[in-house]
Enquirer: 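The following block contains the structure, expressed as structure tokens.
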Amino acid sequence: MKELPEFDSRAIEERILDWWEKEKIYKEIKKAEPKDKVWRFIDGPPYTTGNVHLGTAWNKILKDYLIRYKRMQGFRVTDTPGYDTHGLPIEVLMEQNLGIHNKKEIIDYGLEKFIDKCREHAESQIPKMNEQFKRLGCTFWNWENPYITLKNTYIQGIWWTLKEAYKNGLLYQFYKPQNCCPRCATALAKHEFEYHNVKDNAIFVKFQSVEDPKTFYLIWTTTPWTLVANTNIMANPNNEYVEMRVKDETWIMGIAATANLLQFKLELARGEEDGFDYGRRFKGTELEGKRYIHPLIDEVPYQKELEKQQPKVHTIVLSSEYVTEGEGVGLVHTAPGHGPEDFEVGMANNIPVFNPVDMHGKYTDEAGIFEGKFVHDTNEEIINILKQKNTLVYIDEIEHEYAHCWRCKSKLVYRATRQWFFKTTELNELMLKENEDIYWVPDWAGHTNFRLWLENLRDWCISRQRFWGIPLSIWTCQNEDCEHIRVIGSAQELKEVAGKCPEDLHRPHIDKVTWKCPKCGDIMKRIPDILDVWLDSGSVMWAAQKFVDGKEHYDTWVPADFILEGKDQIRGWFNSLLCSAIVSSKRKNYNSCYMHGWVQSHGTKMSKSLGNAIEPEDIIRGEVEILTEAQKEHLRKLAAEQSTSKFDKTKKKSKKKSKKSKKKSKKKYIKDNRRWSNVKGIETFRFFCVGGTQAGRDLNFDYKEYVDTFKVLNTFWNMYLFAEEKMNLNDFKPSEVTIDYKQLSLEDKWVLSATNTMIKHLTELFDKYYLPDIPALLQNYILNDLSRWYIRLIRNKIDPNMEDPGRFQSLKVLWTVLYQLVLVMAPVNPMLTEELYQKMFKDDLGKNVKKSVHLESWPDIKQKYVDEKLEKEMNFARKIIDSIRSLKMDHRIKLRWPTKALYIIPKEELDELRFIDIIQQKANVKEVKILDKMPKGKLIETEISECKLVLDLEDTKEIQQDRIIKDLLRTIQYLRKINDFNIEETITLQLATEHDFVFQALKDNEELIATKVSAEPLDLVNGKIEEDKSQIYHEFHLCLNESCYASVREKHAKKIKANKKKQCNYCKNQITKDSLGVIQIQFSKNEK
RNA sequence: GGAGACGUAGCUUAAAGAGUAAAGCACCACCCUGAUAAGUUGGAGAAUAGAAGUUCGAGUCUUCUCGUCUCUACCA
């Protein structure tokens, strides 16, 4: 057994991490893992941002728990971490770095150069992140060989998905409106939308009737720019419409909308000449086929072309589905190029899809005078034109949620484009069915949240018009009439078909691969699109599985036993995983799934712009900002403001405010640095973050709570320090003592039982993946069962001076339970437990010893030690002790003062009471008796549910002496302590008193005193001594009334000496100068 | 617009099925203490966001209101 260091978590962690590295422990772990028994875990790949924030840390730590646990349970664990490397985030970052603003500039810069930059960036972030993850204690992962989505092998795995989906008839191309990001110039899928509140102008416009120039149709829109592409008006065949007289015109609108628009918005009076009147009412069906004049027909000449192409253009069409009564004006402006519903109705009526907007959100030449303008900037111009034409009826301001790009936060534009889709709607039922079979923690994550998401799933748009991503392996014939399509499933296949395949499968190299169409002889070219990044990680199950049977062979993939991610992955990874698996293989690819929430700080989301982000390094360095309640409140307000103002340019004031507060909160400070200066390192966070919240809920990183956790680990560590010290003092050799169960004391038996029970519960929690309950269970065991109870019980016994014959058995039991605890704590706190294992246990484990605690197995539950009855009895004993302490306190009897007897009077039959000794010791009574009726005497009593508890306060000489000696001992110990005497240092002690009874008490307990305070020699004086200034001198006072002998506190003694009256706490009599006894204490340190 | 939540002491969280509203931290007092930034006992502190209903009985079930959050949408 080696000496343990003081608890400095950070220093210990760093030393252990080095040691693991140096000793190559990970290699040994992999070597020791079995071949067959596999626990298949798949890591959801974080994006290569280069920075591991607290949420990512939490995520990895939770995973690390289970990896370590399952390993101890004898599984081979798939521990390959992953990195997501493709997609817009890096492209956007590279654009910023290069000072580029759009796609065209990227092409000008050079596609190859740009993609190389992206790759370079992604690859450069990985080693950084590896190190950050390792520092969290997530060390024994396959960091040297993570799966990375940009690798060729990985890309081929995705190609396999595409090919399988195509074979299954689930990959198709379609032309329809999609939300597109104008800045990134690509289509986006629905999991890439971010909704934010924006203010827009909503306008009421009147469309002139062709049949009657004084008749107008009223429509309402929040996106004036889509009027350019308007082709129709929709009416609900079942709704009621009305011909309103408005001044000298006839306006046609839904009856439900009239009052709102005319009376309240336009403030017209009913019946007045310049007001309005109700006219003929009729059903929507009557409106079908009515022609109107497009309000921008002069500005957008192409509209005339459309009319020629299809006479139904610029007429009213019917839709009962998409026109509701309550909203707008009952007639709906329809632009099939700019809205899915418009598109659908357009298709049903054979209306051409007019989309005069390009990928960048700019009007094309088909938009006439608007050509080249950005759509969101054109709203105002269009409004002005409409005003001039006198067709604008009213402008309203409306606040609504609008979709933005998840990456660059641009407002999206709905426009028709040709995209590739997975036909996930067709497989919806299968997905729901497969989802039912997934074991979710918490249950509602899967069976409510994810189910709802799946129920609303639409076809997945997988194509993106970007550069940095996996190229779609789809080649089409350039001859438009031919329509030949070839989907490629691997590099090998490409080589066979095209005769060549580039080294690097990314763009632009892959774009150069072409071949002759086998059907028509024209050229087969790859479509220029790349894939939605989400498909990258969705295919990990087979794409990361590089070789099976020595070659790429994807369709043998095995579902993951377990995955674990945050709640944002409902729409993200959980979704893309299941979709990819169903589309390619029609089965699910994960069997159980744990979902956690987000890390919050001070009740709000952590964000850099709010200045409340806490990084793992802050925690490791112990520099976490503590906010006052007022500051927290301010933060919450700020967060609320920011979420609305971010996308609303009108609120500039609040932005300024937030800058100010940023400055304020940037200053990191620690409240009472001295007190918490040890709260450093990551182990406290590892313990805290799992139990900090329930599964699926957000983790509120509250500093106080976090520090609370530190106290648990501090006690945990000190417990080992204490045990190690006692074992060494006793010259105890664990390997030389075997536990003889029959010989054990009851408390030893109890702690063995309690330990095994705890391990049993713990194992159940781990197996059910109820992670958040784990720390609470450990904490309760560490604090309540070991530190505050068992160790206290055996403290006297294992004191080497007491030479108790049972002490070696107890020490062995202590050693055993502490060893078990190290094992079960190893997944939670891998570094601290490693230190303990190395220093305290390794030398005594004999031939079973392992090089590292992480090569050990999870402890078996020793059923022979489990004694439920004993545990119950102990609980009962503790209950009695608590009640007695409370009773003594009520009567101002110090616990230190012994009492003659405790009588237990049962209400009904009691179970056996085997812990009489412990009750006697802890309640400090001379004897415990079980009686069936109240005895007589000087008694006080209390009651618990099982029995009556009675204390007999009758004094004996022994009790009186004890009252003096116990308090005296404590006083001397205290004096030693405050004067910085070490435990092993001895003193020369003089005790003097003039009072005979007190002197006799000292005399009778001479040996005890000498031992307890290490006095060699001890000199007892029956009389007075002179104070020696060179020594430590103290006067101990006591009450001499009626043989009370209770100690009197120093401040009270002073008052009594000054002739003030004071009542004795114990005997309640007045103490005067005469009845105040004194013991003079004088001592000095002995030279060695 | 739709859906899912959430609101319990100053703070952080508990309370299957309806049955006296817990615990930890913080606070106050007393006690204890030679492993412990530890511990004991007690105190103070919540009409469980508000209102109504069902019930012998509601933090728990129902409805509404207020507040907070998340997800989602074809807001024309």
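Residue numbers begin at 1 in each chain, while the letters A, B, ... track the order of the sequences.
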Enquirer: How about A/E6: does its CD atom have over 12 heavy atoms from other parts shown lying under 6.0 Å from it?
Expert: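 12 or below, so no.
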Enquirer: Just so I know, are the side chains of A/Y292 and A/I233 near enough to count as touching, which here means a heavy-atom distance under 4.5 Å?
Expert: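 Heavy-atom side-chain distance check passes, below 4.5 Å.
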Enquirer: What's the CZ-C1' distance between A/R892 and B/G42, to the nearest Å?
Expert: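 After rounding, the gap between these two atoms is 12 Å.
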Enquirer: Looking at every strand, decide which applies to A/K894 at a 4.0 Å heavy-atom threshold: base, sugar-phosphate, or nothing.
Expert: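 The answer is sugar-phosphate, as A/K894 gets under 4.0 Å only of primed atoms, P, OP1 or OP2.
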Enquirer: Roughly how many Å is it from CZ in A/F193 to C1' in B/U70, rounded to a whole number?
Expert: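 So the two atoms are 18 Å apart, to the nearest Å.
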Enquirer: Between A/N449 and A/Y974, which is nearer to the 5' end of RNA chain B once each is assigned its nearest nucleotide?
Expert: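 Result of the comparison: A/N449.
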Enquirer: When rounded to the nearest Å, what value does the distance between C1' atoms of B/U36 and B/G50 take?
Expert: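 B/U36 and B/G50 have their C1' atoms separated by 47 Å.
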Enquirer: NA contact type, A/R878, heavy-atom cut-off 4.0 Å: base, sugar-phosphate, or nothing?
Expert: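 No contact.
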Enquirer: Could you go step by step and tell me if A/N355 and A/F343 meet the side chain to side chain contact (heavy atoms under 4.5 Å, CB included) rule?
Expert: CA-CA 11 Å; A/N355 170 35; A/F343 176 82; over 6 Å; no
Enquirer: Are A/K711 and B/G39 close enough that a side-chain N or O sits under 4.0 Å from OP1 or OP2?
Expert: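 Answer no for this pair, as no side-chain N or O of A/K711 is under 4.0 Å from OP1 or OP2.
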Enquirer: Using a 4.0 Å heavy-atom cut-off across all strands, classify A/E344 as base, sugar-phosphate, or nothing.
Expert: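 Nothing: the residue A/E344, judged by heavy atoms under 4.0 Å, touches no strand.
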Enquirer: Please report the distance, rounded to the nearest Å, between CZ in A/R795 and C1' in B/A35.
Expert: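 A/R795 atom CZ is separated from B/A35 atom C1' by 7 Å.
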Enquirer: At their closest point, which heavy atom of A/L713 faces which heavy atom of A/F687, and how far apart are they?
Expert: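 Distance-wise, the nearest heavy atoms are CD2-CD1, 3.9 Å.
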Enquirer: Describe the nucleic acid contact of A/T715 in one word from base, sugar-phosphate, nothing, applying a heavy-atom distance below 4.0 Å.
Expert: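 It contacts base atoms.
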Enquirer: Could you provide the dot-bracket string of RNA chain B, using ( ) for intrastrand pairs, [ ] for crossing pairs and | for bases paired to another strand, with Watson-Crick or G-U pairs below 3.5 Å?
Expert: (((((((..((((.....[..)))).(((.(.......).))).....(((((..]....))))))))))))....
Enquirer: Does B/A51 count as syn, meaning its glycosidic angle lies within 90° of 0, or as anti?
Expert: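 Because its glycosidic torsion lies more than 90° from 0, B/A51 adopts the anti conformation.
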Enquirer: Rounding to the closest angstrom, what is the interatomic distance between B/A23 and B/G43 at atom P?
Expert: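 My reading of the P atoms in B/A23 and B/G43 gives 11 Å.
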Enquirer: CG of A/D8 to NZ of A/K680: how many Å apart, nearest 0.5 Å?
Expert: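 It is 6.5 Å, given to the nearest 0.5 Å.
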Enquirer: If the cut-off is 4.0 Å, is A/R885 near the phosphate of B/U40, judged by side-chain N/O to OP1 or OP2?
Expert: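 The answer is no; no side-chain N or O of A/R885 sits under 4.0 Å from OP1 or OP2.
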Enquirer: Ignoring backbone atoms, establish whether A/R896 has a side-chain N or O less than 4.0 Å from OP1 or OP2 of B/U33.
Expert: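 For B/U33, OP1 or OP2 has a side-chain N or O of A/R896 closer than 4.0 Å.
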Enquirer: Say you pick atom C1' in B/A44 and the same atom in B/A26; how far apart are they, in whole Å?
Expert: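 Approximately 13 Å lies between the C1' atom of B/A44 and that of B/A26.
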Enquirer: For the pair made of CG in A/L721 and P in B/A35, what is the distance, rounded to whole Å?
Expert: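 Atom-to-atom, A/L721 to B/A35, this comes out as 12 Å.
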Enquirer: So if I take every side-chain heavy atom of A/N718 and compare against B/G42, B/C75, B/A35, which nucleotide ends up nearest?
Expert: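 Among B/G42, B/C75, B/A35, the one nearest the side chain of A/N718 is B/A35.
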Enquirer: Answer yes if the side chains of A/N575 and A/W453 hold a donor-acceptor pair under 3.5 Å, and no otherwise.
Expert: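 Yes, A/W453 and A/N575 have a side-chain donor paired with an acceptor closer than 3.5 Å.
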Enquirer: Indicate the atoms forming the closest heavy-atom contact of A/D980 with A/K1085, along with that distance.
Expert: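 Closest approach of A/D980 to A/K1085, heavy atoms only: O-NZ, 4.2 Å.
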Enquirer: To the nearest Å, give me how far apart NE2 (A/H196) and C1' (B/C71) are.
Expert: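 Checked: the NE2 to C1' distance equals 14 Å.
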Enquirer: Not counting sequence neighbours, which residues clear ring-ring contact (aromatic ring centres under 6.0 Å, His included) with A/W573? List them please.
Expert: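 By the ring-ring contact (aromatic ring centres under 6.0 Å, His included) rule, A/W573 matches no residue at all.
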Enquirer: Distance check, C1' atoms only: B/C28 and B/A3, in whole angstrom units.
Expert: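 It works out to 48 Å between them.
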Enquirer: Roughly how many Å is it from CG in A/N714 to P in B/A38, rounded to a whole number?
Expert: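 These atoms are roughly 9 Å apart.
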Enquirer: Using atom OH of A/Y402 as one end and atom C1' of B/G1 as the other, report the distance to the nearest whole Å.
Expert: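 Those two atoms, OH and C1', are 17 Å apart.
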Enquirer: Under 4.0 Å between any heavy atoms, over every strand shown, what does A/N982 touch: base, sugar-phosphate, or nothing? Just pick one.
Expert: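 The residue A/N982 makes base contact.
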Enquirer: Where the side chain of A/R792 is defined as all heavy atoms beyond and including C-beta, which of B/U36, B/C75, B/C32 is the nearest nucleotide?
Expert: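 Between B/U36, B/C75, B/C32, the one nearest the side chain of A/R792 would be B/U36.
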Enquirer: Regarding A/T899 and A/K888, is there a side-chain donor-to-acceptor distance under 3.5 Å anywhere?
Expert: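 A/K888 and A/T899 do have a side-chain donor-acceptor pair below 3.5 Å.
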Enquirer: Send over the distance from A/M889 CE to B/G39 P, rounded to a whole Å.
Expert: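 In whole Å, B/G39 P lies 15 Å from A/M889 CE.
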Enquirer: Considering every strand and a 4.0 Å limit on heavy-atom distances, what is the contact class for A/I791: base, sugar-phosphate, or nothing?
Expert: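 Touches a base.
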Enquirer: Please work out if A/H333 contacts a base, only the sugar-phosphate, or nothing of the nucleic acid, heavy-atom cut-off 4.0 Å.
Expert: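 Sugar-phosphate, backbone atoms only, no base.
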Enquirer: Classify A/Y195 by what it touches in the nucleic acid, base, sugar-phosphate, or nothing, heavy-atom distance under 4.0 Å.
Expert: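 Result for A/Y195 = base.
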Enquirer: With respect to the side chain of A/W598, which nucleotide from B/U36, B/C31, B/U70 is positioned closest?
Expert: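 Output: B/U70.
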Enquirer: Between B/U54 and B/G39, how far is it from one C1' atom to the other, in whole Å?
Expert: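 The answer is 48 Å between these two C1' atoms.
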Enquirer: Between B/A14 and B/C32, how far apart are the C1' atoms? Round to whole Å, please.
Expert: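 Those two atoms are separated by 29 Å.
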Enquirer: Say we look at B/A52 and B/U60: how far apart would their P atoms be, to the nearest angstrom?
Expert: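 B/A52 and B/U60 have their P atoms separated by 14 Å.
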Enquirer: Relative to the 5' end of RNA chain B, which residue comes earlier, A/R697 or A/R458, by the nucleotide with the nearest heavy atom?
Expert: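 Counting from the 5' end, the first nearest nucleotide belongs to A/R697.
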Enquirer: Establish, from distance only, whether the side-chain atoms of A/T223 and A/H338 form a donor-acceptor pair under 3.5 Å.
Expert: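 The criterion, which ignores hydrogens and geometry beyond distance, is not satisfied for A/H338 and A/T223.
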Enquirer: With a 3.5 Å cut-off and just heavy-atom distances, do the side chain of A/S787 and the base of B/A35 make a donor-acceptor pair?
Expert: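 Pair found.
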Enquirer: Once you apply a heavy-atom cut-off of 4.0 Å, does A/W717 come out as touching a base, just sugar-phosphate, or nothing?
Expert: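 Result for A/W717 = nothing.
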Enquirer: Sticking with atom C1', work out how far B/C64 lies from B/U12, rounded to a whole angstrom.
Expert: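 Each nucleotide's C1' atom is 31 Å from the other's.
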